[in-house]
Undergrad: 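Below is one structure. I have some questions about it.
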Number of protein chains: 2
Amino acid sequence: MTNDSITLSDKTIGRLSLYRRVLERTPKNNKPIGHIFSHELAALAGFSAVLVRRDLMTIGFSGNPKKGYDAAELLDCIGKFLDAPGGTNVALIGVGNLGRALLAYFTYRRPMLSIVAAFDANPEFTNRVIQGCRCYSPDDMERVVQEKNIRMGIIAVPSVGAQDAADRLMRLGVTGFLNFAPVALRVPSSVYVNQIDMTMELEKVAFYARQTKE
Amino acid sequence: MTNDSITLSDKTIGRLSLYRRVLERTPKNNKPIGHIFSHELAALAGFSAVLVRRDLMTIGFSGNPKKGYDAAELLDCIGKFLDAPGGTNVALIGVGNLGRALLAYFTYRRPMLSIVAAFDANPEFTNRVIQGCRCYSPDDMERVVQEKNIRMGIIAVPSVGAQDAADRLMRLGVTGFLNFAPVALRVPSSVYVNQIDMTMELEKVAFYARQTKE
DNA sequence: GTACCTCTGTGAATACCATAACAGAGACAT
DNA sequence: ATGTCTCTGTTATGGTATTCACAGAGGTAC
Ligand SMILES: NC(=O)c1ccc[n+]([C@@H]2O[C@H](COP(=O)([O-])OP(=O)(O)OC[C@H]3O[C@@H](n4cnc5c(N)ncnc54)[C@H](O)[C@@H]3O)[C@@H](O)[C@H]2O)c1
Ligand SMILES: NC(=O)c1ccc[n+]([C@@H]2O[C@H](COP(=O)([O-])OP(=O)(O)OC[C@H]3O[C@@H](n4cnc5c(N)ncnc54)[C@H](O)[C@@H]3O)[C@@H](O)[C@H]2O)c1
């Protein structure tokens, strides 16, 4: 039914992720949603109804003009696109303030996306379990990444260590990064980097907040 | 020289914020950068050189074909666009795992953008100083927001409390939000919301990491 | 001086993305 | 049966962001 040969735009896969969480979370009169209309899903996710319909169209998911979309089937269909069949194992590099918050949040939250190991250069954090996740020394990276079949990395170390951390993980076969350090990672085109620059996001808000206030 | 009547695109103001931080941080042979070429700044920020030139063009900043752009003047010029003259005061709502990480990071980091108050419903956190920032009960919101002239809010509470927090702040004149809760805030068009959905960002990486691996 | 080189500045072309607009299908009332 | 209503599915349109391509300016080598 669903086929990965379709190309999804970057924006669309982000929205699919959000549709899924909204559907998982939102109960309708205390029982799971049966069917949902595009405009309902749009309101929950914060987009327009036509955009929802087009996203679902691109993944080849069909609804019923009278009842809307079957929520359970839609969840399944989105999962077929977003999730790797056996789940994806993630490494966290840097167990500082941000890293610990991420561990606390993501541990056991997404069944198909697990942070299975954390690494930190500070011996204070290594060889213990933090927020339910085992924390290792960077020296153990080669062994642990291979043992645990880690495919992607979250970089939450200071800027100066970010490129080095990425380089080491790439040598071990990691092909995707979520990078919180405000520095541009140099990677080959076969590796995907998603850069989150919170300072930039904050300054953007400050800019617009000022525009509307004055 | 610089005039705010120019309209900057959302993407451009984000990149300006990054150019600035890259310039502030990067020393050249242990002394501040004097001049910098568009391709150098592009490499540091992770964009293309022509995009850098285009951005600087839109803010009306000129370089020298032989020496490049004067870094100090550029910093000044970017500041004239991004910073409110007296700085912007920010409130943080929710001093949980993520909120504390944000406090630790942003306190004293950006001179023109300060988190001047935090609010949390949990009495364990209120009426004390956390990571250098005073933390109040939500009951004190009206007084504190007015006293400290707070213009924008960072929402780091669970989804269920996000809309309520935003509503209360908006009634007190706050016009911009950085929202980490994975829920669409309902706000009038005069209020700017920047939504950061880390789960979505993580799932995007998982998607692309899988594509390249197989 | 002249040929050449590099970099800025910018109009034109391209790619991408969201919205608008509408065709089609089923339900329902009369 | 027929008209109307609502929602889906899809094509057409518009707008915006980025890249392409190149003119212009100044500096350098010889
Ligand atoms: N905390 C925030 O809210 C925030 C906001 C914006 C950006 N960031 C960025 O996120 C990153 C992490 O921020 P943070 O606040 O958690 O910093 P932090 O200083 O609290 O934590 C950094 C951690 O990384 C570890 N570390 C340093 N070098 C390492 C290396 N080479 N290998 C392994 N571990 C190493 C340190 O021991 C420390 O535990 C930084 O790049 C920061 O710029 C954080
Ligand atoms: N921690 C992460 O890495 C992460 C990742 C993705 C999304 N988020 C989102 O960020 C938000 C905060 O996450 P967190 O991990 O810090 O959660 P948390 O549970 O650690 O902290 C939430 C804090 O908000 C306070 N709070 C609850 N209701 C409140 C209210 N009405 N007013 C004031 N304070 C209130 C609680 O007392 C608590 O201190 C959540 O919406 C979460 O979904 C966090």
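The chains referred to below are lettered A, B, ... by the order of the sequence lines, with proteins before strands, and numbering in each begins at 1. What you see is a predicted model, and the numbers here were worked out from it, not measured in a lab.
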Undergrad: For A/Ile36 and D/dC7, give me the distance from atom CD1 to atom P, rounded to whole Å.
TA: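 Taking atom P of D/dC7 as the reference, CD1 of A/Ile36 is at 13 Å.
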Undergrad: Quick one: A/Phe61 CZ to D/dG9 P, roughly how many Å, whole number?
TA: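 Distance, rounded to whole Å: 9 Å.
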Undergrad: Whole angstrom is fine here: how far is it from CD1 in B/Ile59 over to P in C/dG9?
TA: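 About 11 Å, once rounded to whole Å.
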Undergrad: Would you give the length of the straight line joining atom OG1 of A/Thr107 to atom CD1 of A/Ile130, rounded to the nearest 0.5 angstrom?
TA: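 A/Thr107 OG1 to A/Ile130 CD1: 11.0 Å, rounded to 0.5 Å.
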Undergrad: Check this for me: does any side-chain nitrogen of one of A/Glu203 and B/Arg20 sit under 4.0 Å from a carboxylate oxygen of the other?
TA: yes
Undergrad: Does atom CZ of B/Arg25 have more than 12 heavy-atom neighbours, drawn from other residues, nucleotides or ligands, at distances under 6.0 Å?
TA: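 Enclosed: over 12 neighbouring heavy atoms sit under 6.0 Å from CZ of B/Arg25.
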Undergrad: Tell me whether A/Glu142 at atom CD has more than 12 heavy atoms from other residues, nucleotides or ligands lying less than 6.0 Å away.
TA: no
Undergrad: In Å and rounded to the nearest 0.5 Å, what is the CG to CZ distance from B/Asp83 to B/Arg110?
TA: 7.5 Å
Undergrad: Using five pairs at either end of the helix from C/dG1-D/dC30 to C/dT30-D/dA1, determine the angle between the two local helix axes and round it to 10 degrees.
TA: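 Rounded value for the end-axis angle: 10°.
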Undergrad: What's the CG-C1' distance between B/Leu8 and D/dA17, to the nearest Å?
TA: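 Computing the B/Leu8:CG to D/dA17:C1' distance gives 14 Å.
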Undergrad: Nearest-Å distance, CE (B/Met57) to P (D/dC22)?
TA: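 Checked: the CE to P distance equals 18 Å.
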Undergrad: For the pair made of CG in A/Leu56 and P in D/dG9, what is the distance, rounded to whole Å?
TA: 8 Å
Undergrad: Heavy-atom count check: over 12 atoms from other residues, nucleotides or ligands less than 6.0 Å from B/Gln146 CD?
TA: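 Yes, CD of B/Gln146 has more than 12 neighbouring heavy atoms, counting only those of other groups under 6.0 Å.
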Undergrad: Nucleotide by nucleotide, 5' to 3', does protein get under 4.0 Å of the base (B), only the sugar-phosphate (S), or neither (-) in nucleotides 17-30 of chain C, counting heavy atoms?
TA: SBBBB-----S---
Undergrad: Looking at B/Asp55 and B/Lys11, is there a salt bridge between them, counting it only when a charged N and a carboxylate O are closer than 4.0 Å?
TA: no
Undergrad: Would you name the heavy atoms of B/Lys204 and A/Ile13 that are closest together and state the gap between them?
TA: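 So the minimum-distance heavy-atom pair works out to CG-CD1, 3.2 Å.
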Undergrad: Using a heavy-atom cut-off of 4.0 Å across all strands, would you classify B/Tyr69 as base, sugar-phosphate, or nothing?
TA: sugar-phosphate
Undergrad: Would you please confirm or rule out a distance under 4.0 Å between OP1 or OP2 of C/dT8 and any side-chain N or O of B/Ser62?
TA: no
Undergrad: Is there side-chain contact between A/Val157 and A/Ile155, with at least one heavy-atom pair below 4.5 Å?
TA: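 Yes - at least one pair of side-chain heavy atoms lies under 4.5 Å apart.
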